[in-house]
Amino acid sequence: MASERESFDLSGPLHLTSIDWQNTQHQRSVAACLVQGVYIVERDRQEEREGPQALAPPWWEFFHFKLLRKLVDDVGFSIFGAIYEFKPPPSLCNSPLEEIPRFVIAFRGTLTKNDSVSRDLELDVEVVRNGLHRTSRFEIAMQAVRNMVAAVGDSNVWLAGHSLGSAMAMLAGKTMASTGIFLKSFLFNPPFVSAPIERIKDKRVKHGLRIAGSVITAGLTLAMKAKQQPQQRSHSEENPFTTLSAWFPSLFVNPADGICSEYIGYFEHRKKMEDIGAGAIERLATQNSLGGLLMHAMGKQPAPEPPLHLIPSANLTVNLTPSRDLKEAHGIHQWWRDDLQLRSEVHKYR
């Protein structure tokens with residue numbers, strides 16, 4: 001049984017009859033719809049909706065995209081991603097195409113349906129455990145990104161994802177950025193793995209906890225570096241957090257969504273630490289996970305790997321429009337609405 005939200009005619013941004021590709025709001029809406037297309041193409045597969053019954057195609061065809069390839073998990077064979085190619089109509093062929101992506105690689109989040117839920121939840125656990133990079137689904141995604149960039153060039157490829165798919169897109173983007181390739185990325189409700197400090201109402205308590213966390217994290221980082229052998233130290237300095245700082249993914253978060261809202265505090269706290277003269281402490285703390293460092297200090301795990309969710313720079317957009325519930329605050333549907341109250345800020349690591 002199809003839900004209203006799966007139908008483009010009932011839930012899609014029908015107001016976008018003409019796309020201004022220079023307009024960042026239009027870019028955001030299109031990217032979100034292409035991610036929704038991945039959700040619906042998997043639902044079509046599960047519900048065996050084919051041909052005229054399939055609900056997915058309008059989610060990309062409305063914007064003149066063609067589904068080039070489906071990305072299929074090797075466990076359970078669910079469709080978790082898609083590669084879209086822009087096919088401009090004759091009326092657009094003579095228009096400037098600088099801001100238009102030739103290809104978009106999009107990843108869906110968790111689907112709570114029988115055919116895919118167990119594998120999706122397994123991947124969600126890997127996000128929390130900082131082990132997404134070791135999964136076969138991510139390897140399939142990363143190979144697709146590398147192949148596409150090698151074939152058409154980085155300026156022609158966008159990444160997009162929502163929730164778990166946002167974590168996939170972020171990790172793929174970080175992996176490419178570490179080699180000097182910076183892909184335009186739209187990350188909707190990306191998971192931030194930490195204590196939900198942002199939910200604390202008292203600003204002084206919240207700020208105090210963040211400062212204490214930064215001091216402890218920075219201290220543990222320095223202590224760990226001091227214990228390293230000289231050859232380990234020189235190796236670890238070859239790939240610093242700053243390598244990624246020229247990559248500015250667009251993050252879209254909702255303060256009522258505890259899964260991603262911590263990004264608001266993460267970036268605001270960095271700015272506040274600079275303002276009070278503690279920027280050096282925060283520059284060290286912001287690239288490490290306190291949980292990972294503590295596990296290492298207690299001998300529970302080897303040297304901690306770089307946390308998936310931490311990034312140096314970002315274009316952060318916060319949806320201040322009130323949400324009815326967590327489902328709405330975390331949903332992809334909010335991001336193509338045209339009546340949003342948004343606050344955007346560029347955060348650069350320095």
When rounded to the nearest 0.5 angstrom, what distance separates [atom1] in [X] from [atom2] in [Y]?
X      : Y      : atom1 : atom2 : result
His162 : Leu34  : NE2   : CG    : 14.5 Å
Ile79  : Glu42  : CD1   : CD    : 5.0 Å
Ser166 : Phe192 : OG    : CZ    : 13.0 Å
Glu6   : Trp59  : CD    : CH2   : 9.5 Å
Ile100 : Phe86  : CD1   : CZ    : 4.0 Å
Arg137 : Asp74  : CZ    : CG    : 9.5 Å

Heavy-atom closest pair, residues [X] and [Y]:
X      : Y      : value
Val127 : Pro191 : CG1-CB, 4.2 Å
Ile332 : Ala32  : CG1-O, 3.8 Å
Gln341 : Pro322 : NE2-CD, 4.1 Å
Pro255 : Ser261 : O-CB, 3.6 Å
Phe182 : Ala246 : CZ-CB, 3.7 Å
Val35  : Gly161 : CG2-N, 3.7 Å

Mind checking ring-ring contact (aromatic ring centres under 6.0 Å, His included) for Phe63 and listing every partner two or more places apart, or none if nothing turns up?
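For Phe63, no residue satisfies ring-ring contact (aromatic ring centres under 6.0 Å, His included) once neighbours in sequence are set aside.
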Pairing residues for His333 by the ring-ring contact (aromatic ring centres under 6.0 Å, His included) criterion, not counting sequence neighbours:
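Scan of His333 (ring-ring contact (aromatic ring centres under 6.0 Å, His included), adjacent residues dropped) gives Trp336.
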Evaluate side chain to side chain donor-acceptor pair (under 3.5 Å) for Ser78 paired with Asp73, printing each intermediate quantity in order.
CA-CA 6 Å; Ser78 68; Asp73 200 323; 4.8 Å; no
Leu10-Leu55 co-clustered via ILVMFWY side chain contacts under 4.5 Å:
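Shared cluster, no.
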Determine whether Val125 and Leu123 fall in the same hydrophobic cluster, where Ile, Leu, Val, Met, Phe, Trp and Tyr are linked whenever their side-chain heavy atoms lie under 4.5 Å apart.
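As far as the 4.5 Å side-chain criterion goes, Leu123 and Val125 are not connected within one cluster.
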Could you list who else is in [X]'s hydrophobic cluster, with ILVMFWY side chains joined at under 4.5 Å, directly or through other members?
X      : result
Val75  : none
Leu121 : Val117
Val346 : Phe248

For a quick test of your reading: what N or O donor-acceptor pairs under 3.5 Å do the side chains of residues 148-157 make, sequence neighbours left out?
from	atom 1	to	atom 2	distance (Å)
Asn156	ND2	Val152	O	2.6

Is the shortest heavy-atom distance from the side chain of [X] to the side chain of [Y] under 4.5 Å?
X      : Y      : answer
Val145 : Leu183 : yes
Cys260 : His309 : no
Thr175 : Met142 : yes
Asp120 : Arg108 : yes
Phe188 : Val253 : no
His330 : Ser163 : yes
Pro249 : Trp247 : yes
Glu50  : Asp44  : no

Between [X] and [Y], ring centroids under 6.0 Å:
X      : Y      : value
Phe103 : Tyr84  : no
Phe138 : His133 : no
Phe8   : Trp60  : no

Flag for [Y]-[X]: side-chain donor and acceptor within less than 3.5 Å:
X      : Y      : result
Ser344 : Asn315 : no
Gln46  : Ser116 : yes
Glu139 : Gln143 : no
Thr321 : Asn319 : yes
His347 : Ser313 : no

Would you list the pairs meeting salt bridge (charged side-chain N to carboxylate O under 4.0 Å, His left out) in which at least one residue belongs to residues 155-164, sequence neighbours left out?
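Those involving residues 155-164 do not exist here.
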Keeping to residues at least two apart or across chains, list the salt bridge (charged side-chain N to carboxylate O under 4.0 Å, His left out) pairs with something in residues 122-131.
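For residues 122-131: Arg119-Glu122, Glu126-Arg129.
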Scan residues 183-193 for pairs that pass side chain to side chain donor-acceptor pair (under 3.5 Å), counting only residues two or more places apart or in two chains.
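Pairs touching residues 183-193 that pass the test: Gln27-Lys184, Asn189-Asp257, Asn189-Trp335.
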Could you tell me which residues satisfy salt bridge (charged side-chain N to carboxylate O under 4.0 Å, His left out) with Arg102, sequence neighbours excluded, listed by chain and number?
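For Arg102, no residue satisfies salt bridge (charged side-chain N to carboxylate O under 4.0 Å, His left out) once neighbours in sequence are set aside.
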According to salt bridge (charged side-chain N to carboxylate O under 4.0 Å, His left out), who are the partners of Arg343, at least two apart in sequence or on a separate chain?
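Applying salt bridge (charged side-chain N to carboxylate O under 4.0 Å, His left out) to Arg343 gives Glu268.
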Hey, what's the ring geometry for Phe80 with Phe107, parallel, tilted or perpendicular (30° and 60° as the breaks)?
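Plane angle under 30°, so parallel.
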Assign the ring pair Phe267 / Tyr263 to parallel, tilted or perpendicular, where the plane angle (0 to 90°) is split at 30° and 60°.
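The arrangement is parallel - the two ring planes meet at less than 30°.
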Could you walk me through whether Glu47 and Gln53 pass the side chain to side chain contact (heavy atoms under 4.5 Å, CB included) check?
CA-CA 10 Å; Glu47 298 291 330; Gln53 276 72 50; over 6 Å; no
For Glu48, does the CD atom sit with more than 12 other heavy atoms under 6.0 Å from it, leaving out its own atoms?
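Atom CD in Glu48 is not crowded, with 12 or fewer foreign heavy atoms closer than 6.0 Å.
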Might you work through the side chain to side chain contact (heavy atoms under 4.5 Å, CB included) test for Ile105 and Leu71, ending with a clear yes or no?
CA-CA 9 Å; Ile105 306 175; Leu71 300 178; 4.3 Å; yes
Check for a donor-acceptor pair, side chain of Gln334 on one end and backbone N or O of Gly331 on the other, with a separation under 3.5 Å.
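Side chain of Gln334 to backbone of Gly331, a donor-acceptor pair under 3.5 Å: yes, one is there.
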Could you list the residues that satisfy side chain to side chain contact (heavy atoms under 4.5 Å, CB included) with Gln25, not counting sequence neighbours?
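Checked Gln25 against side chain to side chain contact (heavy atoms under 4.5 Å, CB included); matches are Asn23, Arg28, Leu342.
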Salt bridge present between Asp339 and Arg337 (N-O < 4.0 angstrom)
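Looking at Asp339 and Arg337, the cut-off is met.
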Side chain to side chain contact (heavy atoms under 4.5 Å, CB included) between Ile311 and Leu244: does it pass, once the steps are laid out?
CA-CA 8 Å; Ile311 48 174; Leu244 304 175; 5.7 Å; no
